[in-house]
Amino acid sequence: MDSLNKLWLSTGLANFELGQVIMMLVGCGLLYLAIARNFEPLLLLPMGFGAILTNIPISGLSEIGGLLHYIYYAGIDTGIFPLLIFMGVGAMTDFGALIANPKTLLLGAAAQFGIFATLFGAIALNMVPGIEFSLKDAAAISIIGGADGPTAIFVASRLAPELLGAIAVAAYSYMAMVPIIQPPIMRALTTVEERKIEMAQLRPVTKIEKIIFPLGVLMMAIFFLPAATPLVGMFCLGNLMRESGVVDRLSSTVQNELINIVTILLGLGVGSKLSAEAFLNVQTLGILALGAVAFSIGTASGVLMAKVMNKFSKIPINPLIGAAGVSAVPMAARVANKVGLEANPHNFLLMHAMGPNVAGVLGSAVAAGILLALVG
Amino acid sequence: MDSLNKLWLSTGLANFELGQVIMMLVGCGLLYLAIARNFEPLLLLPMGFGAILTNIPISGLSEIGGLLHYIYYAGIDTGIFPLLIFMGVGAMTDFGALIANPKTLLLGAAAQFGIFATLFGAIALNMVPGIEFSLKDAAAISIIGGADGPTAIFVASRLAPELLGAIAVAAYSYMAMVPIIQPPIMRALTTVEERKIEMAQLRPVTKIEKIIFPLGVLMMAIFFLPAATPLVGMFCLGNLMRESGVVDRLSSTVQNELINIVTILLGLGVGSKLSAEAFLNVQTLGILALGAVAFSIGTASGVLMAKVMNKFSKIPINPLIGAAGVSAVPMAARVANKVGLEANPHNFLLMHAMGPNVAGVLGSAVAAGILLALVG
Amino acid sequence: MDSLNKLWLSTGLANFELGQVIMMLVGCGLLYLAIARNFEPLLLLPMGFGAILTNIPISGLSEIGGLLHYIYYAGIDTGIFPLLIFMGVGAMTDFGALIANPKTLLLGAAAQFGIFATLFGAIALNMVPGIEFSLKDAAAISIIGGADGPTAIFVASRLAPELLGAIAVAAYSYMAMVPIIQPPIMRALTTVEERKIEMAQLRPVTKIEKIIFPLGVLMMAIFFLPAATPLVGMFCLGNLMRESGVVDRLSSTVQNELINIVTILLGLGVGSKLSAEAFLNVQTLGILALGAVAFSIGTASGVLMAKVMNKFSKIPINPLIGAAGVSAVPMAARVANKVGLEANPHNFLLMHAMGPNVAGVLGSAVAAGILLALVG
Amino acid sequence: MNSMEQQFLEAGTLMLAGMVFVFVFLSLLIIFINTVLAKLSIKFPDPITLNTARSNKKNNKAANGEISPAIVAVISGAVSRYRKQHASSPQKSTK
Amino acid sequence: MNSMEQQFLEAGTLMLAGMVFVFVFLSLLIIFINTVLAKLSIKFPDPITLNTARSNKKNNKAANGEISPAIVAVISGAVSRYRKQHASSPQKSTK
Amino acid sequence: MNSMEQQFLEAGTLMLAGMVFVFVFLSLLIIFINTVLAKLSIKFPDPITLNTARSNKKNNKAANGEISPAIVAVISGAVSRYRKQHASSPQKSTK
Ligand code: NA
Ligand code: NA
Ligand code: NA
């Protein structure tokens, strides 16, 4: 009898709280998006699963001694996992299109306005009762506008760990929704004639340029923004491994097995922050709303910047590639290509959009560094 | 002269204790089984090697600051390594045969009687002078009957870390000896006619069933047995990664590089618990004896359950597949197939035996959860 | 205004110290050697990059909470990374040539004179004002003569962590320069006739010999030198995984993904010790000088030992293969082959030189064990 | 001997509770498969071509499409080498 | 409301400082590309054969040359099996 | 200068002890190879077919048999594509 009672008390049914049930449904929702809708499945699948695991009553998976607790504190609280992933992303990135057309860096810069406008917006949301974002919170939220997962997680883990779950969910969800969010904005801000603009073929880029480029980026980050060097440094290390051509076996492992392992653990660890207390509040709604705003403003800024540049440039620039400046590599570049093809079936913008696309990654890392330096 | 003396005192010869020599021979024995007899070499080779390393005098490999000490406390004491391996096993498991013939879950349930009967037996062994097993010890020992390495190591690390070495040795050794242990029991409990029974071909299983199945298993574990969710959760995560089809690169890494790395470290870490004090005692003999009993009872229970079911089922069930309910995937299923072929050369039971085989993995994880909930 | 000032103070330009600039140039120099000169790029590229990262002002990458700090203390201070790499090296090593011609072990022994002579030299350098090496320092420096990266890093992390950076730089640089350092010494110490000596074809080696050999090496280390068993043990574990043939999937991961991941982290961690305070002093110059001496003496000892053996052996030995006894696998063996071909275009020494080459690895590990036992 | 009896009692209770629990748990899974999964499999049947696609997908390394460019390159090479070796054969005349 | 104003001021300053900084940083990168990299690309042009070599190299697994022996072995087998199947065809006569 | 002398003495002792030890250790290994291993190699000779099996096995990735199904699938495709391209060639008539 006593044993039966003990058995009953050790079931989940006897210990559930409403918040946990809701958060498990949120986790299932993330799994649905990942599996059925193919929304950034590499991260949302482990993250959704982690959300379910962390909300299991009395299992202690996220408490001291539990697996998710170890993963979070060893890998995310320390910043190690996002930095290792950023190294892998660097090793996957080809800066060729950017070096061939360096002006596109300005598009990647303009799109970061999505970040800083959102910072302002987050502070403005403090006028809503029940929401109280500190400047650190606002900075962490704004980085969603960078459309770059590891950067967002790294900054959030530094500035507002208690918001990490909501920020990561927003960042990856909106990144997956880039093909839905961006096209209407792109069409609204451009004329058909502008969308039809064909761009000149890119010049070939030499090996030496590709090798020196990441070192140059790192040097500039060292001179002007040391706070960005963890992110920029690991990214450039990955890229240098890729381009140097002398450590292919390391580059390959970084792009494959290492990033795969860390992605699973990162997803589980981020999911472990999706507890009811941390997620089920009006602040999360605010974060989700701000995220959508951030992506929209970033997209618009990129497109408008491209239109401005087009006025001053002899070589024509299709304004659609400005939208790729938000990063979300390579989705945003594909979207630019697709919208371009609608207007002109012979207009292949993919390679041209890769320039602002990877510029956006650098731009977000720089913006992250500024936030860490001035707010952190 | 002084230096020569120091040199002599720093040799192993000047510091050996008898127990260490014996344990090194045990380690060599494990290596022999792994290499020459192909007994679960993936784990027994590193485990045997770890047993040798941990017993080297004055090398300090298992003391604070030593490699094996770090591996044990970072990976096994925390439970991280067995859980990661279980994720990999989940990613390697195909539940198709089980979903196609769900009744075989009862076979996997019946075979767990090997666990609980052994628990009773371990307590009974307290009547032998020199053996004193607490209830926790008995529970940790009984899990050998689950015929599942990571589960046994996880439970032992939670309930009886000082018995971990002996339990792991017993579990893996008997798993490797399944082709020797099971056939006589299977033949003794069945008639030739029963062994000749051919089974109907399995229906095809759809993708959606395979995706939802691990989530259903997890949900049930959450409702009824949260204590099992670390094991069941990681197993289901691995299986979901496999079946979802959207994260193949993660699934591949989990099944290959990650599980390989963790297996080596797990083996070394478990081997580091094979010190003379912990292993060379009458309790170890008791554990080894109980392990053989556990496997035998589990096998018999599975076969008998299948015979019972055969009486009530319209669709014939070959009782041999009941023996696969002990897990030991996929060895036990192969044994059922082989013994079936002896009786009837046209009787291919392999796929049918995979159902109870993977059911046994779930059954053991559930049994482990019960032990952790009620005894832990 | 305040914000602008804060922004300025958060730039690198406002915080640079001269030493940091110099050390970044050193890091760039290592990258240059790795990429343009192909000097041991697998380690020098991450090491050079780590040297740059660790010298970035106010980024805190090597301070508590920084990535490089975690890497160094988790992986190098504990000795885990060099030991895992040594396991991988073991899994890559084929002892066939050594077993076929065991006398070449004496060449690997003789070349270790480079280590112990350097130890003497390091003590002698104390006569130079500004240099003060303790016996531990001297022992750590002398291991450069072992021409084996993981061994050098392991010993240095144990005996003289503050010299680790300089020792690793010297060890890997000189290993890369083996094709420049060794040939003049080899030519100076041998006659053309000696260099023309052709060697008898090696006998085939059986599988059982290759399996038992690493176990025999380990047993001898256990009996005579437990202090060497962390290094020798992990090396032999890797080799046993390779040769046993029953754990090919583990062996493959150890040789590829695991060693790649650890190499990157090891390089970054070692690079993080290249801070201005630790590196920019006269001691570093002393270490670099001693390293060159160590390699030269080791090479000469190997060649001379081969000449001595040739006087007593019926079967002819080409003295050039003695130079391969310093390890630097497989570079030194290739150098022996190349110098041999110069003298006699039909003289293929590569396989014969692999014997002393891998013997040198064992010899260095034994020497490391002696230093750790007597000095540590 | 009292403690012994108590231990046996505990062990017996555990055995009973454990076996009942295991059977109940796995029986519920049977019901889950026979109801929920059965309905799902009718509502979302596999597309007809899926079988072959899945069987390929399980070959892990190949699944990510990582290898294929390399393999294709090697094969192209092999095929062209093969064709060169047979340059004089009648089939070449069809080109 | 004073604190609110102050927060807006801080946020506005951050926005301004941040956007200026981002633009300056990336503009300097443009200059870096147009000067340093441009000069380097002239001074160290790619060898002519490099393009194809690089494109192969990016196929990661294949890059290390790890797979190729296995692949070649498999292909040899496939090709020889293919040839055996066609042993009676005219092309065989050229052997 | 006394400490200096002492240091030299220590270093000299180390050098002597170390070199002797290294030589003794590796010489014992020679004996081990010439006795134990030699006997073992006679008692357990390699099966004749082993050589080729081993040389294949060392191709790591391929060793686990992981790649082969994928490769075979790709090759089958390549071969069938190749055959389609030559559908009009005489060899087809043998089918
Ligand atoms: Na961005
Ligand atoms: Na089981
Ligand atoms: Na050496």
Side-chain angles (χ1 to χ4, degrees), chain C residues 94 98-100 102-106 108-110 112-113 115-117 119-124 126-127 133-135 138-139 142 204-213 216-217 219-221 223-225 228 242 245 248-249 251-253 255-256 359 362-364 366-367 369-371 374-375, chain F residues 1-70:
Chain C
D94 183 347
L98 179 66
I99 298 171
K103 275 177 310 185
T104 56
L105 275 161
L106 295 178
Q112 307 315 316
F113 189 60
I115 293 178
F116 295 102
L119 171 64
F120 205 85
I123 293 297
N126 280 342
M127 289 190 286
F133 291 132
S134 70
L135 199 60
S142 70
V205 171
T206 57
K207 188 171 147 75
I208 186 84
E209 289 175 285
K210 287 189 172 182
I211 293 176
I212 300 298
F213 182 73
V217 172
M219 285 304 143
M220 288 193 37
F223 288 156
F224 301 116
L225 197 55
R242 170 200 182 88
D248 286 336
R249 58 179 290 159
S251 170
S252 165
T253 294
Q255 290 178 49
N256 292 287
L362 295 179
S364 309
V366 170
I370 296 168
L371 294 174
L374 297 187
V375 181
Chain F
M1 214 55 183
N2 189 29
S3 143
M4 197 77 187
E5 268 171 40
Q6 200 189 320
Q7 275 194 322
F8 273 116
L9 199 67
E10 278 189 278
T13 320
L14 260 177
M15 182 157 74
L16 191 71
M19 282 312 289
V20 169
F21 202 101
V22 168
F23 265 101
V24 169
F25 192 100
L26 296 187
S27 301
L28 287 173
L29 261 187
I30 297 178
I31 297 170
F32 174 76
I33 293 172
N34 285 337
T35 55
V36 180
L37 292 193
K39 269 178 208 157
L40 281 172
S41 73
I42 292 162
K43 205 166 168 193
F44 303 99
D46 279 1
I48 289 158
T49 54
L50 197 74
N51 275 344
T52 52
R54 292 243 348 135
S55 70
N56 281 344
K57 208 200 56 196
K58 284 292 152 59
N59 302 317
N60 288 319
K61 287 287 163 193
N64 305 342
E66 287 169 7
I67 298 173
S68 47

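All values reported here derive from a predicted model rather than from experimental measurement. By convention in this document, chain letters (A, B, ...) are assigned in the order of the sequence lines, proteins followed by strands, and residues within each chain are numbered from 1.
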#### Entry: Donor-acceptor pair, side chain of C/Asn126 and main chain of C/Phe133, under 3.5 angstrom
yes
### Task
Using non-hydrogen atoms and a 4.5 Å limit, figure out which bit of C/Ala139 sits close to chain F: side chain, backbone, both or neither.
neither
#### Entry: Part of C/Phe213 within contact of chain F (heavy atom distance under 4.5 Å)
both
### Task
Name the region of C/Ile370, side chain, backbone, both or neither, that has any atom closer than 4.5 Å to a heavy atom of chain F.
side chain
### Summary
When the 4.5 angstrom heavy-atom criterion is applied to F/Leu40 and chain C, the contacting part is both
### Query
Checking C/Val217 against chain F: side chain, backbone, both or neither under 4.5 Å from a heavy atom?
both
### Task
Test F/Leu9 against F/Glu5 for side-chain contact (heavy atoms from CB on, under 4.5 Å), laying out the working first.
CA-CA 6 Å; F/Leu9 199 67; F/Glu5 268 171 40; over 6 Å; no
### Task
Using non-hydrogen atoms and a 4.5 Å limit, figure out which bit of F/Phe44 sits close to chain C: side chain, backbone, both or neither.
both
#### Entry: Interface residue of largest heavy-atom contact number with chain F, from C/Thr206, C/Thr104, C/Leu106, under 4.5 Å
C/Thr206
### Task
For C/Gln112 and C/Ala109, indicate whether the former's side chain and the latter's backbone hold a donor-acceptor pair under 3.5 Å.
no
### Query
Looking at C/Asp94, C/Leu98, C/Ile99, which hits side-chain contact (heavy atoms from CB on, under 4.5 Å) with C/Val205?
C/Ile99
### Residue pair F/Val22 / C/Gly363: nearest heavy atoms and the distance that separates them
CG2-O, 4.5 Å
### Query
Quick check: does any side chain N or O of C/Ser252 sit under 3.5 Å from a backbone N or O of C/Asp248, one acting as donor and the other as acceptor?
no
### Task
Name the option with the most non-hydrogen atom pairs under 4.5 Å to chain F; the candidates are C/Ala124, C/Gly369, C/Ala359.
C/Ala124
